[in-house]
Amino acid sequence: MSGVGRRVVLVRGWDRSTGGVGCCPPADGAAVLSPPHEHGAGPPTAEAQRSADVYRALRERFPRLDVTVVDPGNWAWLGPAVYRDARRSGRGRLASLREAARATTPGCLVVDGEVVLDGRSPTPTEAVAEVVGRTPVTTSTG
């Protein structure tokens, strides 16, 4: 992978939220990271499954790319992270602040500090195509 700080952030769509307490993120943590546990996380919703599918497609195609799935309510992490990524990618302060604010849109996809898809959760194919078109990454695992 070339470049410093290459990161893709997938902001989950609004879903049935449990407030994010406990060991699993709301609704889709089990679908993305591990099999469901015993503490009542419940089966993933369609929106949660879509986020999980996008995550897996990106990880499969770009095994060395930093892919982060974030709840839209986690603005305390999301805003500063997207701002830093945007600045690192050469954007000015005001443009970086705009991207950080846009990144709190449920279902958006952010590549290196730029919101590239917003308004609805992307399909795995759309997400991979956006990353291919915007970042100089390699798909080799070696």
If Ile, Leu, Val, Met, Phe, Trp and Tyr residues are connected whenever their side-chain heavy atoms lie under 4.5 Å apart, and connections chain through other members, are [X] and [Y] in the same group?
| X | Y | value |
| --- | --- | --- |
| Val11 | Val82 | yes |
| Val111 | Tyr83 | no |
| Leu78 | Leu58 | no |
| Val9 | Val67 | no |
| Val132 | Leu109 | yes |

(message) Apply side-chain contact (heavy atoms from CB on, under 4.5 Å) to residues Trp77 and Thr68 and explain how you reach the verdict.
(response) CA-CA 11 Å; Trp77 180 88; Thr68 305; 3.8 Å; yes

(message) My understanding is that only one of Val116, Val115, Val70 makes a side chain to side chain contact (heavy atoms under 4.5 Å, CB included) with Val110; could you say which?
(response)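 Exactly one pass, corresponding to Val115.
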
Salt bridge or not for [X] and [Y], using N-O below 4.0 Å?
| X | Y | answer |
| --- | --- | --- |
| Glu126 | Arg120 | yes |
| Arg6 | Asp66 | no |
| Arg102 | Asp118 | yes |
| Asp53 | Arg50 | no |

(message) Tell me if a side-chain donor or acceptor on Arg91 pairs with a main-chain N or O of Ala95 at a distance below 3.5 Å.
(response)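 No: the side chain of Arg91 does not pair with the backbone of Ala95.
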
(message) For Trp75, is there any backbone N or O sitting under 3.5 Å from a side-chain donor or acceptor partner on Thr104?
(response) no

